[in-house]
Amino acid sequence: MTDVQTDRATDRIAFTREEPYPLVIGGAEVTTEETFDAIDPSVGRPWARLAQAGPEHVEAAVTAARGALTGWRRSTPAQRQALLDAIADRIEADPEWPALLATENGRPIREAAMADVPTAAGIFRYYAGLARATDGDHVATGDPGLRVWTQREPVGVIASLIPWNSPLISTALKLAPALATGNTVVMKPSEFAAASVVEFGLRTRDLIPPGVVNVLTGFGPDAGAALVAHPGIDKISFTGGIPTARHILHAAADQITPAILELGGKSAFVICEDADLELAVADALMGIAFQNGQVCFAASRIFLHEAIRAPFLTRFAERLAEVRIGDALDPATQVGPLVSAAHRERVAGYVERAVAQGATLVTGGKVRQLGGDQADGFYYEPAIVEDPDGSTLVSREEIFGPVTTVQTWSDEADVIARANGTEFGLAAGVWTRDLARAHRFADALEAGTIWVNTWFDLVPGQPLGGVKASGYGREMSAETLLEYSVPKAVAMRLSSERPELWG
Ligand code: NAD
């Protein structure tokens, strides 16, 4: 069974599990012949084994979800509300989540406790409130003999595929609105953070009717690809990278399966000369160090007004250099390891190439070698790279790591054009004390979320999603219910009169 135990050699409190994690299909634990390792990035060694789903498991999960749909779509709004509230209660009451999340992907345990757990519970609670607000509309016909209305119905079986950086929050974002509107779900977590989603399935199994939520673990190009191509899937809800989104949309095209896509970002963080510099530095630090920099909303392109370039960079570098890098399970750690050795190599490669092409490394950007039990962990020092004309790849591609780039500006129209000069459109922000200027930037920046004098403020109810290649569809808000339900229009004639078309 799962258990939080002390590793006696080091006193680190890691999450452990002896037997391989199963799949969760139709409310049952299903084991597979093939399994794969879950790696604890803080120490660079396996901590658990996971079931590896094959095509037969994909088939079984879709069949279970389809079977459960008949009953769940008839559940009352009150029953859905009660279930979502009960899931939120269960998450909040469970003290093991922070250690599990930190062991799984290197998320600092204090962030897991302060952000992941309450946010995930909050999302379930938000949709518990909305579960009774899924009504249709009355349509005014102007004809006393004709009534027209819409009723909203569930889409059906949803395939939800999520990335590895915030698996509990992503699970809440996918499940809560889908269940609130009467759908059933097959969840496919990332191979780099699957255990917490299986734990979610196991820890809520007594609350959720069998088959309403199924969890398939395995590799994206195998289990993930088979799931999105399955004709029994009514909608795909995907959060992840643009290359994967392209694969998924090709598969979806063959089945005419609709999709919600929440993709990557390369978010612009514009600091004006009248900004409160100390606050802007604090937000920039959060923007690139939070979640070890492995977050779609990372503030990865900073545009400094030329008048404040020097003082800002000095202070930002000082504060970034003070950040405590260490084992994700240590409550003092502010930046944990990157998720894998290969990812650290990829992140480091971006910085090395940028410097080779003429960019300047202001601080960080090196592998951090720790000792003892953490000697094989995947640590990396958050980096600031000054790339004056934003021409190197480090300024243009999503790195998904703790690397931010700096450019300088003096003309407002020019910085807006440069901030928008990217294929991404997830988030953008401006720091200024001038209200009119804040409005001008908010109007002109092309992104799904605009932050003014803040970064990462995200509350349930605030639509989450991107424009341009950052995707389409919105999560975390009331309009998400429209993504997971379809309107059925009913036209009813009350009179026996008919138009005289043929006589
Ligand atoms: P990824 O695209 O590699 O994987 C995402 C999911 O897709 C995983 O479950 C994976 O197993 C699956 N997958 C991979 N190949 C597949 C295929 N061929 N067919 C079907 N499924 C497949 O992304 P990642 O590396 O896990 O996460 C990082 C990306 O996620 C970044 O681009 C980041 O910006 C994005 N992200 C976006 C948001 C958002 O809300 N917009 C939030 C978090 C992360």
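Every value quoted in this text rests on a predicted model; they were computed, and no experiment measured them. We count ligands from 1, going down the list as the structure has it; atoms in each ligand are counted the same way.
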Nearest protein heavy atom with distance in Å, relative to atom 33 (C) of ligand 1: F400 CE1, 3.2 Å
Under a 3.5 Å cutoff, is there a donor and acceptor pairing between the side chains of E397 and Y350? yes
Which residue owns the protein heavy atom closest to atom 10 (C) of ligand 1, what's the atom, and how far is it? E191 OE1, 3.6 Å
What protein heavy atom sits nearest atom 7 (O) of ligand 1, and how far off is it? F238 CE1, 3.3 Å
Of all the atoms in ligand 1, which lie at a distance below 4.0 Å from a heavy atom belonging to E398? 31 (C), 32 (O), 33 (C), 34 (O)
Hey, does P189 sit under 4.0 Å from ligand 1 if you only count heavy atoms? yes
Checking heavy atoms under 4.0 Å, the part of K188 that sits near ligand 1 is both
The protein heavy atom nearest to atom 21 (N) of ligand 1 is L161 CD2, 3.5 Å
shortest atom 23 (O) of ligand 1-to-protein heavy-atom contact is with G241 N, 3.5 Å
min-distance protein heavy atom vs atom 20 (C) of ligand 1 -> G224 C, 3.2 Å
Shortest reach to atom 25 (O) of ligand 1 by a heavy atom, considering only W164, F192, F219, F424: W164
Is it the case that the side chains of S300 and E398 hold a donor-acceptor pair, with the cut-off being a distance below 3.5 Å and no angle test? no
Between H57 and Q52, do the side chains contain an N or O donor and an N or O acceptor separated by less than 3.5 Å? no
Which of these, V228, V295, L263, L216, has its nearest heavy atom closest to atom 41 (N) of ligand 1? L263
Contact with ligand 1 for F297, non-hydrogen, under 4.0 angstrom: no
Can you check whether W431 and F269 have ring centres sitting under 6.0 Å from each other? yes
Considering A223, G448, G220, which one's heavy-atom position lies nearest to atom 13 (N) of ligand 1? G220
Do we see a donor-acceptor contact under 3.5 Å between the side chains of T422 and K468? no
Under a 3.5 Å threshold, yes or no: a donor from one side chain and an acceptor from the other, between D387 and T405? no
Would R396 count as a cation-pi partner of F424, with NZ or CZ less than 6.0 Å from the six-membered ring centre and within 45° of the ring normal? no
Nearest-contact summary for atom 39 (C) of ligand 1 - protein heavy atom, Å: C296 SG, 3.4 Å
Are side-chain N/O atoms of D327 and Q374 paired as donor and acceptor at under 3.5 Å? yes
Quick note on ligand 1: atoms under 4.0 Å from a heavy atom of A225 include exactly 19 (N), 20 (C)
L320 and I384: side-chain contact (heavy atoms from CB on, under 4.5 Å), yes or no, with the steps? CA-CA 9 Å; L320 201 57; I384 304 173; 3.6 Å; yes
Quick one: do S196 and E104 satisfy side-chain hydrogen bond (donor to acceptor under 3.5 Å, both in side chains)? Show the steps, please. CA-CA 8 Å; S196 57; E104 177 171 69; 2.7 Å; yes
So which of T449, T244, V339 gets nearest to atom 1 (P) of ligand 1, if we judge by its closest heavy atom? T244
Within the 4.0 Å heavy-atom shell around P163, which atoms of ligand 1 are there? 24 (P), 26 (O), 27 (O), 30 (O), 43 (C), 44 (C)
Side-chain ion pair, D234 and R66, N-O less than 4.0 Å: yes
Please determine if R125 forms a cation-pi arrangement with Y127, meaning its NZ or CZ atom is less than 6.0 Å from the six-membered ring centre and no more than 45° off the ring axis. no
Residue, atom name and distance, where the atom is the protein heavy atom closest to atom 9 (O) of ligand 1: I162 O, 2.8 Å
Among A298, P167, G240, which one has a heavy atom closest to atom 35 (C) of ligand 1? G240
